[in-house]
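Read the numbers this way: they start at 1 and go in the same order the structure lists the ligands and their atoms.
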Amino acid sequence: MKLYVKLLAATAMTMTMATAASAEKWDMPMAYPATNYHSENGAAFAKCVTDGTSGNLEIVTHPGGSLFSGNDIKRAVQTGQAQIGERLLSAHANENPLFGVDSIPFLATSFEDSDKLWTAAKDSVAGALDEQNLVLVYSVMWPPQGFYFKKEVNSAADMSGIKFRAYNAATARIAELAGMTPVQIEAAELSQALATGVAEAFISSGSTGVDSKVWESLTHFYDVQAWLPRNSIFVNKDSFNALDDATKATIMECGAKAAADGEAKAQSLTAEYLKTLADNGMQVQGPSDQLKSDLQGFGATMTEEWLESAGDTGKTIVDAYKAM
Ligand code: PCA
């Protein structure tokens, strides 16, 4: 009997040691501030995985670009410097136009349409990431994009000559079409760029406007609802493939939950963000008819350009989306 108890104790110890030896810690770099809903949602996802694997896989988030700046996160995960990360994928549309499917002006401008477009595009985007040694886990959209300026702007002509902060190729292209000068700046550096005059205007959501306390530098927000870009969360494929099936399933289940929770948060926060802008003295309004039609024109040009660059796959996605 004694021997049996000893054996049991020894077995339990070996098991504990085995668990401790196989427990893994993953770093998850994220670009946006810890208090942003994307980051909070990412932290909840990380906890879901950590809890769901009883600590065997611990995911530690690093928001605010603290581990890698936004622009470096994707490459860090591809090369295994970080095992998992979050990135605004459209910022990498130069690598594959499919990454920019969420930033085609006026193609999908509501939460409902953003969901449809993502349903149509998701598998192709995941395939493009797979080719780069990445496994797509989930994505969450930003609220609809509008323009921030420090003066009244009623047409594209009014934008000419402005230094315009861009966050991807589409935002740089809009700047170009409107005769502005694009300058690529990460959200983490946006407040400073506005304060120092490196940038004088930009397009983004109310979320990033509030994060950046944009009212300290700018005065007008035009709620044009041009598109809803997404942050995507992806894992290094080698790290993912090294996991057992149960852990892989936990990651994907937590990801599905994070996608739903993140979207709900984005939806419920959208009006609040615009109210915060107004409460801080900004003029929050819709675009004039002229501005609207100028932007629609840019949208038509950019839709054509995207379809040309994204080839058959792009056309299949847009056709499938429009048929939904
Ligand atoms: N905020 C991010 C991307 C889109 C958005 O709403 C940014 O401005 O960087």
Report the distance from atom CG of Leu190 to atom CZ of Arg165, rounding to the nearest 0.5 Å.
5.0 Å
Which ligand 1 atoms, with their elements, are less than 4.0 angstrom from a heavy-atom of Pro229?
4 (C)
Looking at every non-hydrogen atom in both residues, tell me the closest pair between Pro29 and Leu67 and how far apart they are.
CB-CB, 4.2 Å
I'd like to know if the side chain of Ser309 and the backbone of Trp306 have a donor-acceptor N/O pair within less than 3.5 Å.
yes
Do any heavy atoms of Ser207 fall under 4.0 Å from ligand 1?
no
Contact atoms of ligand 1, heavy-atom distance to Ala187 under 4.0 Å
9 (O)
Are more than 12 heavy atoms from other residues, nucleotides or ligands located less than 6.0 Å from atom NZ of Lys257?
no
Once the angle between the rings of Trp142 and His38 is folded into 0 to 90°, is it parallel (under 30°), tilted (30 to 60°) or perpendicular (over 60°)?
tilted
If the contact criterion is a heavy-atom separation under 4.0 Å, does Gln145 count as touching ligand 1?
yes
Near Arg165, which atoms of ligand 1 are under 4.0 Å from a heavy atom of that residue?
7 (C), 8 (O), 9 (O)
Does ligand 1 have any atom sitting under 4.0 Å from a heavy atom of Tyr32?
yes
Output the list of atoms in ligand 1 that are nearer than 4.0 Å to some heavy atom of Thr208, sorted by atom number.
1 (N), 2 (C), 5 (C), 6 (O), 7 (C), 8 (O)
Looking only at the side chains, is there a donor atom on one of Gln290 and Asp294 sitting less than 3.5 Å from an acceptor on the other?
yes
Under 4.0 Å, heavy-atom basis, I'd like to know which part of Leu88 is in contact with ligand 1: side chain, backbone, both or neither.
side chain
Measuring from non-hydrogen atoms of His38 to any atom of ligand 1, is the shortest distance under 4.0 Å?
no
Among protein heavy atoms, which lies nearest atom 5 (C) of ligand 1, and at what distance?
Ser204 OG, 3.1 Å
Backbone N or O of Tyr37 within a donor-acceptor pair of the Asn41 side chain at under 3.5 Å?
no
Protein contact of atom 6 (O) of ligand 1 - nearest heavy atom, named by residue and atom, plus distance:
Ser205 OG, 2.5 Å
Heavy-atom count around Glu308 CD within 6.0 Å, excluding the residue itself: above 12?
no
